K.L.:
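Right, I'll just put the structure down here and ask away after.
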Amino acid sequence: MAPTTSMTSTQLAAWRNLLRAHAEVVDRLSTELAETHDLPISWYEVLLYLREAPDGRLRMHELADSLLVSRSAATRFIDRMEDAGLVTRQVCPSDRRGMDVVLTAEGRRIFSEAAPTHLAGIERHFAAHVDEDEARVLADVLERIAEAVRADNGDG
């Protein structure tokens, strides 16, 4: 017996297409960053968040939450990024018990080199396929969904 749902076939198709499009685009962007800059996309994302953060630093737990990964997973790849000289860990100045992840000069350099490749990939594999009105609707719908899920989890 098939499971019952109140979803329409259109809603289910939209869900499946969202997952497939996300997987395909992220896979392509990952390949481009790895081939062109020898940079994993997860590292690029860390560099992006740190570059946007005040003073290029974030608490470890804030970074893990932003990356949507567990703290242990974040710790493992921050370890590797630190070994590569892209980030460093420092005691948090406002809470000596906490650790900040801090962007290094080398991390800034690598990000600056990789950003044009990544943005060109987003333009080629995503933005070229949606017009401005579609992008606005998509952004609004996805934000509404994210906010609803956060509210359901007591996070929003």
Side-chain angles (χ1 to χ4, degrees), residues 1-37 39-78 80-81 86-87 89 92 94-95 98-103 107-108 110-156:
M1 182 168 150
T4 60
T5 180
S6 61
M7 277 189 298
T8 68
S9 60
T10 303
Q11 289 169 318
L12 188 55
W15 171 249
R16 288 179 177 158
N17 288 339
L18 173 67
L19 293 178
R20 190 174 81 223
H22 177 268
E24 293 289 337
V25 171
V26 170
D27 183 61
R28 183 62 60 93
L29 295 172
S30 295
T31 299
E32 290 170 357
L33 281 174
E35 289 177 352
T36 307
H37 303 282
L39 185 68
I41 197 166
S42 58
W43 289 22
Y44 179 89
E45 192 174 4
V46 169
L47 296 175
L48 172 65
Y49 283 120
L50 289 173
R51 187 171 174 276
E52 293 175 343
D55 301 321
R57 67 188 311 130
L58 284 171
R59 295 290 299 268
M60 188 65 180
H61 70 87
E62 293 172 323
L63 188 56
D65 292 347
S66 296
L67 297 171
L68 305 177
V69 298
S70 69
R71 291 196 177 125
S72 61
T75 298
R76 286 190 299 275
F77 66 78
I78 294 300
R80 292 190 295 276
M81 291 181 73
L86 304 179
V87 300
R89 288 192 193 127
C92 176
S94 62
D95 177 2
M99 293 298 287
D100 287 346
V101 179
V102 182
L103 187 60
R108 285 185 193 284
I110 294 293
F111 179 84
S112 293
E113 289 177 2
T117 300
H118 190 61
L119 292 172
I122 292 169
E123 184 172 3
R124 188 171 45 258
H125 306 304
F126 175 75
H129 306 287
V130 296
D131 65 29
E132 190 64 20
D133 289 337
E134 291 168 326
R136 188 176 300 106
V137 169
L138 188 56
D140 290 346
V141 167
L142 293 173
E143 179 59 25
R144 186 174 67 233
I145 292 167
E147 286 177 5
V149 171
R150 280 192 299 270
D152 286 348
N153 288 334
D155 298 335

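None of the values given here were measured: they were computed from a predicted structure. We count residues from 1, following the sequence as given.
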K.L.:
Quick one: pull up OH in Y44 and CZ in R51 and give me the separation to the nearest 0.5 Å.
P.N.:
8.0 Å
K.L.:
Once you round to the nearest 0.5 Å, how far does CD of Q11 lie from OG1 of T5?
P.N.:
8.0 Å
K.L.:
Table please: side-chain donor-acceptor pairs of residues 110-130 below 3.5 Å, with sequence neighbours left out.
P.N.:
unit_1, atom_1, unit_2, atom_2, d
S112, OG, R108, O, 3.0
E113, OE1, R109, NH1, 3.3
E113, OE2, R109, NH1, 2.5
T117, OG1, H37, NE2, 2.7
R124, NH2, E32, OE1, 3.3
R124, NH2, E32, OE2, 3.1
H125, NE2, E32, OE2, 2.6
H129, NE2, R124, O, 3.2

K.L.:
Provide the full list of ring pair (Phe, Tyr, Trp, His ring centres under 6.0 Å) pairs with a residue in residues 46-78, sequence neighbours left out, each pair given once.
P.N.:
none
K.L.:
Side-chain contact test, heavy atoms from C-beta onward, threshold under 4.5 Å: evaluate it for R16 versus L19 and give yes or no.
P.N.:
no
K.L.:
From L58 CG over to E52 CD, what is the distance, rounded to the nearest 0.5 angstrom?
P.N.:
9.5 Å
K.L.:
Walk me through it: do L47 and L103 pass the test side-chain contact (heavy atoms from CB on, under 4.5 Å)?
P.N.:
CA-CA 7 Å; L47 296 175; L103 187 60; 3.4 Å; yes
K.L.:
Among E62, R59, R89, which one satisfies side-chain contact (heavy atoms from CB on, under 4.5 Å) with D100?
P.N.:
R59
K.L.:
Any side-chain heavy-atom pair from V46 and L50 closer than 4.5 angstrom?
P.N.:
yes
K.L.:
Quick check for you: to the nearest 0.5 Å, what is the distance between S30 atom OG and E35 atom CD?
P.N.:
11.0 Å
K.L.:
Hey, what do you get for CG (D27) to NE2 (H22), rounding to the nearest 0.5 Å?
P.N.:
11.0 Å
K.L.:
Would you say M7 and W15 make side-chain contact, with heavy atoms under 4.5 Å?
P.N.:
no
K.L.:
Evaluate the side-chain proximity of R144 to E147: yes if any heavy-atom separation is below 4.5 Å, no if none is.
P.N.:
no
K.L.:
Could you tell me whether the side chain of L18 reaches within less than 4.5 Å of the side chain of L142, counting heavy atoms only?
P.N.:
yes
K.L.:
Give, for atom CG of L12 and atom CG of N17, the distance between the pair rounded to the nearest 0.5 Å.
P.N.:
9.5 Å
K.L.:
Would you say D55 has more than 12 foreign heavy atoms packed within less than 6.0 Å of its CG?
P.N.:
no
